[in-house]
Amino acid sequence: MQPRDLSDHSPYVPGRGVEEVARELGIDPDSLIKLSSNENPHGPSPAAVEAIEEHADRVHQYPKSSHTDLTARIAEKWEVDPEQVWVSPGADGSIDYLSRAALEPDDEVLVPAPGFAYYAMSARYHHATVSEYALSAENGFLQTAETVLNAYGGERIVYLTSPHNPSGSTISLDSIRTIADATAEETLVVVDEAYGEFSDVDSAVPLVTERDDVAVLRTFSKAYGLAGLRIGYSVVPEEWGGAYARVNTPFAANELACRAALAALDDEEHVEKSVETARWAREYISEELDAETFDSAGNFVLARVGDGSAVAEAAKREGVIIRDCTSFGLPECVRISTGTREETPEAVDRLNETLADLELGVEA
Ligand SMILES: *Cc1c(COP(=O)(O)O)cnc(C)c1O
């Protein structure tokens, strides 16, 4: 017996992990600099770690009040009704919840190319089909209402990513408003702000309050440093609030994740430090890397290096793990996550050596 035909479903390709690469190269994991998954180089908020330790002996119980408290705290932060906050296992979980809530079989979704793979994956699990709007390296992956609307054909969901992964480009609130105005009444515009904290662009959450056709995704995986716990949320239109109980996988956001997220939200110092470091490091990488880079509002920089997979492979041998962007449809690019003030210059040095060696045809 076989699973159903999954040939349309491309597998998600994650960035390589430190242990995995160290084992492959037979070296000490501590000598590696991992800049491949846009994780927080400062680690989790210390307050979150404390909350996890404090609640560890209560994980025999289903998460109830922690989930309620986190939902209320997020609602307060964004000045929305708690029903409009859909807490989920990562923002990826919210993508699934929105698919469950919105998509009928054969509905369509519109996604950016290049772009975050999970939008299309989730749509296909829910028997929807996927069309794309193209963002182009030639204009710095500029996101305008026109780019999206030219490709729009009445899809049920339109995904916007701001800052965009893997390029780091953003889209303005005005453009989002224009898109939401121009699309059909039954089209939900989902603005993915997984990297929102790192950007100067205003959040689209006020649009969720203003209108009934915009939702926003947010996560604790990036600026808050809680990627391993899997916790995120969406802010949905008021009329959608009641659907959560029908689409949420029961207790999917776990007790420790909810507790840690609650603590992290109040640890402003940690977020501020994380954002400050990322802003510094993305400037540093753009200025010092011997390759063309794209302006980024996220905690990563996309660089055009020629043969992305050869550079990522050679960099790994120099002890720097970066993201080959072939799976994003950008085989000539790599994506470099921002590291700490100590590791970023070291990584850029090693990457520049790698680039020089490859140029000279030297085997690393
Ligand atoms: C990392 C990321 C997410 C969500 O990640 P989770 O860990 O599931 O919260 C969503 N969208 C984009 C574009 C991302 O890069």
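Just so you know, ligand 1 is whichever comes first in the structure, and atom 1 is the first atom listed for that ligand.
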Participant: Which of the atoms in ligand 1, numbered in the order shown and given with their element, are less than 4.0 Å from a heavy-atom of A194?
Facilitator: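 Checking each atom against A194, I get 2 (C), 3 (C), 10 (C), 11 (N), 12 (C), 14 (C).
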Participant: Can you tell which part of I95 has a heavy atom less than 4.0 Å from ligand 1: side chain, backbone, both or neither?
Facilitator: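 None of I95 does.
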Participant: With a 4.0 Å cut-off on heavy atoms, is G232 touching ligand 1?
Facilitator: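 Flag not set, G232 not near ligand 1.
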Participant: Please state which part of D92 comes within less than 4.0 Å of ligand 1, counting heavy atoms only: side chain, backbone, both or neither.
Facilitator: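 It is both parts that get close, each with some atom under 4.0 Å.
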Participant: Within a reach of under 6.0 Å around CG of D295, are more than 12 heavy atoms found that belong to other residues, nucleotides or ligands?
Facilitator: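 Not more than 12 within 6.0 Å, no.
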Participant: Which of the atoms of ligand 1 are close to R230, meaning less than 4.0 Å from one of its heavy atoms?
Facilitator: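 With R230 as reference, the close atoms of ligand 1 come out as 6 (P), 7 (O), 8 (O).
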Participant: Do me a favour and list the nearest non-hydrogen protein atom to atom 2 (C) of ligand 1 with residue, atom name and distance?
Facilitator: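 Result for atom 2 (C) of ligand 1: K222 NZ, 2.5 Å.
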Participant: Any sub-3.5 Å donor-acceptor pair from Y97's side-chain atoms to T249's backbone N or O?
Facilitator: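 Side chain of Y97 to backbone of T249, a donor-acceptor pair under 3.5 Å: yes, one is there.
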Participant: F251 and H67: side chain to side chain contact (heavy atoms under 4.5 Å, CB included), yes or no, with the steps?
Facilitator: CA-CA 8 Å; F251 307 114; H67 185 282; over 6 Å; no
Participant: Geometry only, no angles: is S221 polar-contacting ligand 1 at N/O separations under 3.5 Å?
Facilitator: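 Between S221 and ligand 1, an N or O pair is found under 3.5 Å apart.
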Participant: Among S203, S162, S234, whose side-chain hydrogen bond (donor to acceptor under 3.5 Å, both in side chains) with E193 holds?
Facilitator: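 So the option named by the test is S203.
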Participant: Kindly give the heavy-atom pair with the smallest separation between D290 and L355, and that separation in Å.
Facilitator: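 That closest heavy-atom pairing would be O-CD1, 3.6 Å.
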Participant: For T147 and Q143, indicate whether the former's side chain and the latter's backbone hold a donor-acceptor pair under 3.5 Å.
Facilitator: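 Such a contact is absent between T147 side chain and Q143 backbone.
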Participant: Within ligand 1, which atoms have a heavy atom of T161 less than 4.0 Å away?
Facilitator: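 Taking each heavy atom of T161 in turn, ligand 1 has 13 (C) under 4.0 Å.
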Participant: Any idea which atoms of ligand 1 are less than 4.0 Å away from a heavy-atom of D192?
Facilitator: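 The list of qualifying atoms is 10 (C), 11 (N), 12 (C), 13 (C).
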Participant: Under a single-linkage definition using a 4.5 Å side-chain heavy-atom cutoff for Ile, Leu, Val, Met, Phe, Trp and Tyr, are V205 and V275 assigned to the same hydrophobic cluster?
Facilitator: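 As far as the 4.5 Å side-chain criterion goes, V275 and V205 are connected within one cluster.
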Participant: Among all protein heavy atoms in this structure, tell me which lies nearest to atom 15 (O) of ligand 1, with the distance rounded to 0.1 Å.
Facilitator: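 For this ligand atom, the closest protein heavy atom is Y195 OH, 2.6 Å.
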Participant: Number the atoms of ligand 1 from 1 as they appear, then name those within less than 4.0 Å of a heavy atom of G90, with their elements.
Facilitator: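 So the answer, numbered in order with elements, is 6 (P), 8 (O), 9 (O).
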Participant: Quick one: sort the F141 and H164 rings into parallel, tilted or perpendicular, breaks at 30° and 60°.
Facilitator: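 Plane angle under 30°, so parallel.
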